[in-house]
> 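I'd like to ask some things about the structure below.
Residues take their numbers from the sequence shown, with the count starting at 1. These numbers come from a predicted model, not from an experiment.
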Amino acid sequence: MRLRRLGPDDWATWRDIRLSALGSDPEAFGSTLALERRFDEARWRELLTPERGVKVVAGDPEPVGLVAGVPHEVDPTVLYLYSMWVKPEFRRRGVGEALVGDVLAWAREHGWARVQLRVFRGNDTARRLYSRLGFAGEGEIMDHRLAPVS
């Protein structure tokens with residue numbers, strides 16, 4: 001599975017997979033398909049600027065999954081992992097693990113102390129994935145403390 005970190009010129013790729021995700025599993029996101037369909041090219045490009053963290057897609061040639069790591073709004077030591085999604089027919093094949101692993105690698109490369117995410121209660125499949133990758137937490141918030149790069 002090929003992973004690709006996106007930049008502003010990849011806005012159409014991010015838009016298309018993000019809208020697919022919102023259409024497929026709307027209950028899994030804090031946004032809506034109707035809202036994000038209204039974003040123009042400038043907004044999509046802005047979401048992919050370096051100061052907005054990292055956006056990663058998996059797939060070759062067409063994207064089959066996505067994830068984002070963005071600076072936490074309150075705690076400057078935390079990178080927030082969000083928007084993790086894999087097309088249903090590609091689930092349980094290691095795509096999610098690869099996507100999250102790439103965000104964790106990017107976080108280490110850029111000096112983040114922690115990566116945090118929210119996983120809805122009852123989403124045991126996602127919780128098991130995140131636990132395998134080093135995230136811990138009993139509630140909706142799961143946390144991963146990163147060892148400094150030596």
Side-chain angles (χ1 to χ4, degrees), residues 1 3-8 10-11 13-39 43-44 46-59 63-150:
M1 184 62 47
L3 299 177
R4 189 162 55 108
R5 295 176 185 172
L6 305 181
D10 301 305
W11 69 272
T13 299
W14 182 254
R15 177 202 60 202
D16 293 350
I17 190 72
R18 174 80 176 158
L19 295 179
S20 290
L22 289 166
S24 173
D25 295 289
E27 69 288 346
F29 298 95
S31 187
T32 66
L33 180 61
L35 172 69
E36 294 196 19
R37 273 189 176 151
R38 294 192 302 262
F39 291 177
R43 174 70 174 140
W44 288 110
E46 191 269 328
L47 291 170
L48 294 167
T49 58
E51 58 271 7
R52 293 293 214 126
V54 65
K55 311 295 188 295
V56 183
V57 294
V64 299
L66 77 156
V67 69
V70 298
H72 195 280
E73 293 178 357
V74 178
D75 187 340
T77 68
V78 174
L79 185 73
Y80 191 72
L81 187 141
Y82 84 103
S83 233
M84 217 319 250
W85 180 81
V86 175
K87 284 185 176 181
E89 61 270 27
F90 289 90
R91 293 177 184 164
R92 292 184 171 76
R93 295 187 189 181
V95 177
E97 186 169 337
L99 285 164
V100 174
D102 197 57
V103 170
L104 293 174
W106 184 90
R108 282 185 195 93
E109 291 164 16
H110 290 84
W112 292 92
R114 291 170 43 211
V115 176
Q116 194 174 77
L117 59 84
R118 169 169 267 139
V119 60
F120 295 117
R121 293 176 194 266
N123 190 345
D124 295 330
T125 302
R127 188 170 295 283
R128 282 190 300 273
L129 167 69
Y130 296 131
S131 292
R132 270 197 326 271
L133 296 173
F135 287 86
E138 297 301 316
E140 287 187 1
I141 302 295
M142 294 184 79
D143 199 59
H144 189 301
R145 296 194 184 275
L146 298 173
V149 177
S150 48

> Nearest heavy-atom pair of Val67 and Met84: which atoms, and what distance?
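Looking at all heavy atoms of both residues, the closest pair is CG2-CG, 3.7 Å.
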> Before you tell me yes or no, could you show the steps for Thr125 and Arg92 under side-chain contact (heavy atoms from CB on, under 4.5 Å), namely the whole-Å CA-CA distance, both residues' side-chain angles and the distance that decides it to 0.1 Å?
CA-CA 10 Å; Thr125 302; Arg92 292 184 171 76; 3.5 Å; yes
> So which heavy atom on Gly96 is nearest to which on Val86, and how close?
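Nearest heavy atoms, Gly96 then Val86: N-CG2, 3.9 Å.
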> Between CZ of Arg43 and CG of Leu48, what distance do you get to the nearest 0.5 Å?
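These two atoms lie 10.5 Å from each other.
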> Supply the atom-to-atom distance Arg127 CZ to Leu117 CG, rounded to the nearest 0.5 angstrom.
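Taking CZ in Arg127 and CG in Leu117, the distance rounds to 8.5 Å.
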> Please say whether more than 12 non-hydrogen atoms of neighbouring residues, nucleotides or ligands are located less than 6.0 Å from CZ in Arg37.
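No - once you tally the heavy atoms of other residues, nucleotides and ligands closer than 6.0 Å, there are 12 at most.
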> With sequence neighbours excluded, what pairs up with Ala98 under the side chain to side chain contact (heavy atoms under 4.5 Å, CB included) test?
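Ala98 satisfies side chain to side chain contact (heavy atoms under 4.5 Å, CB included) with Leu3 once adjacent residues are dropped.
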> Would you say Phe135 and Leu129 make side-chain contact, with heavy atoms under 4.5 Å?
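A side-chain contact under 4.5 Å is absent here.
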> Taking all heavy atoms of Pro71 and all of Leu79, pick out the closest pair and write down the distance.
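Taking Pro71 first and Leu79 second, the nearest heavy atoms are N-CD1, 3.8 Å.
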> Can you name the nearest heavy-atom pair linking Val100 to Tyr130, along with the distance?
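Looking at all heavy atoms of both residues, the closest pair is CG2-CE2, 3.8 Å.
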> For the residue pair Thr32 and Leu22, what are the closest heavy atoms and their distance?
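Smallest heavy-atom distance, with atoms named: O-CD1, 3.8 Å.
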> Would you mind reporting whether Pro63 and Lys87 have side-chain heavy atoms less than 4.5 Å apart?
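No, too far: nothing below the 4.5 Å cut-off.
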> How long is the gap from CE on Met1 to CG on Leu99, to the nearest 0.5 Å?
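If I round to the nearest 0.5 Å, the distance is 8.5 Å.
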> Just to verify, what does Ser20 make a side chain to side chain contact (heavy atoms under 4.5 Å, CB included) with, not counting sequence neighbours?
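Partners of Ser20 by the side chain to side chain contact (heavy atoms under 4.5 Å, CB included) criterion, ordered by chain and then number, come out as Trp85.
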> Any salt bridge (charged side-chain N to carboxylate O under 4.0 Å, His left out) pairs touching residues 48-58, not counting sequence neighbours?
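Residue pairs passing salt bridge (charged side-chain N to carboxylate O under 4.0 Å, His left out), neighbours aside: Glu46-Arg52.
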> Rounded at 0.5 Å granularity, tell me how far CZ in Arg18 sits from OG1 in Thr13.
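Output value for this atom pair is 15.0 Å.
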> Is any side-chain heavy atom of Tyr82 closer than 4.5 Å to a side-chain heavy atom of Phe29?
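No. Closest side-chain heavy atoms not under 4.5 Å.
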> Can you tell me how far CG of Asp10 sits from CD1 of Ile17, rounded to the nearest 0.5 angstrom?
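The CD1 atom of Ile17 sits 13.5 Å away from the CG atom of Asp10.
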> Provide the closest heavy-atom pair for Gly69 versus Val103 in the form atom of the first, atom of the second, distance.
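Minimum heavy-atom separation between Gly69 and Val103: CA-CG1, 4.2 Å.
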> Just how far is it from atom CD of Gln116 to atom CG of Asp75, taken to the nearest 0.5 Å?
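Going from the CD atom of Gln116 to the CG atom of Asp75 covers 7.5 Å.
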